[in-house]
Amino acid sequence: MQTIQAAIMGAAQGISEFLPISSSAHIVFTSTIYKILTGADFQNVGSEEIFFDILIHLASLLAVIIFFFKDLKSLVTGFFSAIKNKNYKTPEFQTCLFVIISTLITCIIAFFIKDIAHKLTETPAVVSILLLFTGAVLFLSEKLKKSEKTMDFKTSIFIGIAQGLAVFPGLSRSGLTIATGIYNGLNRIQAARYSFILSVPIIILASMIYPLLELNMADIQTFNFKAIIIGCIMSFVTGFLCIKFFMKFLEKFSLKGFAYYCWIIGIIMFFISLKAA
């Protein structure tokens, strides 16, 4: 792995993981453009690439944990306190329960569609179309939203389904989960906060358990750790800054701007991918 490749992939992961623009789509698109410009295959499925993918996802996870540290600490301590006191109606316990429900539903859906989703990474034109769909979901979520309410069991199920479908490259995890929350009555900040907290268990599962099954540890001594470290730093820094920007953005603006972005990039990449095919 080349240092410039690692830096680009790390930045792409950090920027697009938490903005509602699909990190998987941007990795595929970055790969396509890199291939066009250099003739090299940006993405291959060797052990180094799997290992690198794990670490840049964990770097972006670290950004979430640091940014929402107080919230996460409050939820964890409140959850176990509620169990100890047998008081299961506390906001902390309820939120943790909703996160568990959403995560379980996501895992079930992802288990059945992951192989199909993985194959789609080799078809950038389809990924472009799915990114256009993400834009439509973002655009319509606030137009069609129901009356405002707090998180409940039903909403956690729908958000879990949305996150599961986001296994398909081009469907933004943060975009679909936030849009689903808004549509079901959460305000933008509530929906975004829940989406980011929900990313903690799913990134751990997606970045460690499944990829580690494919990782050939015997190859680890051949890895370019300088490039890997640079990629991780880029993922963490850009991820943290994007979370900070996005939470401030949602205080004043809707998701429409990101919908337009998804449409523009989706259309551009659709035609570029046809050229690269």
Side-chain angles (χ1 to χ4, degrees), residues 1-31 34 42-73 75-76 99 103 106 110 114 118 121 163 166-167 169 172-175 177-178 192-217 219-249:
M1 174 172 291
Q2 300 298 316
T3 301
I4 185 64
Q5 175 183 350
I8 292 172
M9 288 185 70
Q13 164 63 25
I15 292 171
S16 55
E17 178 68 36
F18 303 117
L19 297 182
I21 55 177
S22 179
S23 62
S24 56
H26 281 72
I27 293 295
V28 172
F29 295 161
T30 303
S31 169
Y34 187 89
F42 188 82
Q43 287 182 319
N44 61 64
V45 291
S47 293
E48 186 175 22
E49 285 68 30
I50 295 172
F51 184 72
F52 178 71
D53 186 63
I54 293 170
L55 291 188
I56 61 173
H57 275 81
L58 291 178
S60 59
L61 171 64
L62 181 61
V64 176
I65 292 174
I66 291 177
F67 191 90
F68 289 100
F69 181 76
K70 290 183 179 179
D71 288 338
L72 291 169
K73 181 181 178 181
L75 287 174
V76 172
V99 168
T103 302
T106 295
K114 61 181 175 63
H118 180 71
T121 60
Q163 184 171 245
V167 171
S172 166
R173 189 209 67 83
S174 62
T177 53
I178 293 172
R193 177 178 175 272
Y194 184 79
S195 174
F196 285 127
I197 291 173
L198 185 60
S199 73
V200 174
I202 207 64
I203 289 178
I204 291 174
L205 291 171
S207 300
M208 296 184 69
I209 296 178
Y210 173 64
L212 282 174
L213 296 176
E214 302 182 23
L215 183 60
N216 184 355
M217 297 301 293
D219 295 336
I220 197 168
Q221 60 185 351
T222 65
F223 295 172
N224 183 350
F225 280 96
K226 177 183 177 181
I228 290 171
I229 291 171
I230 291 175
C232 289
I233 292 172
M234 292 294 291
S235 179
F236 170 77
V237 172
T238 55
F240 186 88
L241 293 176
C242 281
I243 295 171
K244 186 175 182 179
F245 158 77
F246 190 49
M247 295 302 290
K248 289 288 185 182
F249 178 91

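Nothing here was measured: the structure is a model prediction, and the numbers come from that model. Excluded from the calculations below are hydrogen atoms, water molecules and symmetry mates; all remaining heavy atoms, backbone and side chain alike, are included.
Interatomic distance, CD1 of I243 versus NZ of K248, reported as 14.5 Å (0.5 Å rounding). Here I21 contributes atom CD1 and S172 contributes atom OG; the two are 7.5 Å apart, rounded to the nearest 0.5 Å. Between I8 atom CD1 and T3 atom OG1 the span is 11.0 Å, to the nearest 0.5 Å. A distance of 12.5 Å separates CD1 of I230 from CD of Q5, quoted to the nearest 0.5 Å. The CD1 atom of I202 sits 15.0 Å away from the CD1 atom of I197 when rounded to the nearest 0.5 Å. The distance from atom OG of S199 to atom CZ of F68, rounded to the nearest 0.5 Å, is 8.0 Å.
Taking every heavy atom of both residues into account, V167 and K114 meet most closely at CG1-CA, 4.1 Å. Here the closest heavy-atom approach between residue A63 and residue G239 is recorded as CB-C, 4.0 Å.
Using a 30° and 60° split on the angle between ring planes, F225 and F51 fall in the perpendicular class, above 60°. Between F246 and F249, the angle of the ring planes stays under 30°, which puts this pair in the parallel group of the 30/60° scheme.
Under the side-chain hydrogen bond (donor to acceptor under 3.5 Å, both in side chains) criterion, the residue pairs touching residues 61-72 are D71-R193, with sequence neighbours excluded.
Every residue two or more places apart in sequence or in another chain that forms a side-chain contact (heavy atoms from CB on, under 4.5 Å) with I229 is listed here: I233.
Between V99 and Y194 there is a side-chain heavy-atom pair separated by less than 4.5 Å.
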So L205 and T103, side-chain contact (heavy atoms from CB on, under 4.5 Å) or not? Walk me through it. CA-CA 10 Å; L205 291 171; T103 302; 4.0 Å; yes
Apply the test side chain to side chain donor-acceptor pair (under 3.5 Å) to residues T177 and S195: give CA-CA distance (whole Å), side-chain angles for both, the deciding distance (0.1 Å), then the verdict. CA-CA 6 Å; T177 53; S195 174; 2.7 Å; yes
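When each of I56, V200, I66 is checked for a side chain to side chain contact (heavy atoms under 4.5 Å, CB included) with L61, only V200 meets the rule.
No side-chain donor-acceptor contact under 3.5 Å links S235 to the backbone of G231.
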With a 3.5 Å cut-off and sequence neighbours excluded, list the donor-acceptor pairs that the side chains of residues 12-20 form with protein atoms.
{"unit_1": "Q13", "atom_1": "OE1", "unit_2": "H57", "atom_2": "NE2", "d": "3.4"}
{"unit_1": "Q13", "atom_1": "NE2", "unit_2": "E17", "atom_2": "OE1", "d": "3.0"}
{"unit_1": "Q13", "atom_1": "NE2", "unit_2": "S60", "atom_2": "OG", "d": "3.1"}
{"unit_1": "S16", "atom_1": "OG", "unit_2": "A12", "atom_2": "O", "d": "2.3"}
{"unit_1": "E17", "atom_1": "OE1", "unit_2": "S23", "atom_2": "OG", "d": "3.3"}

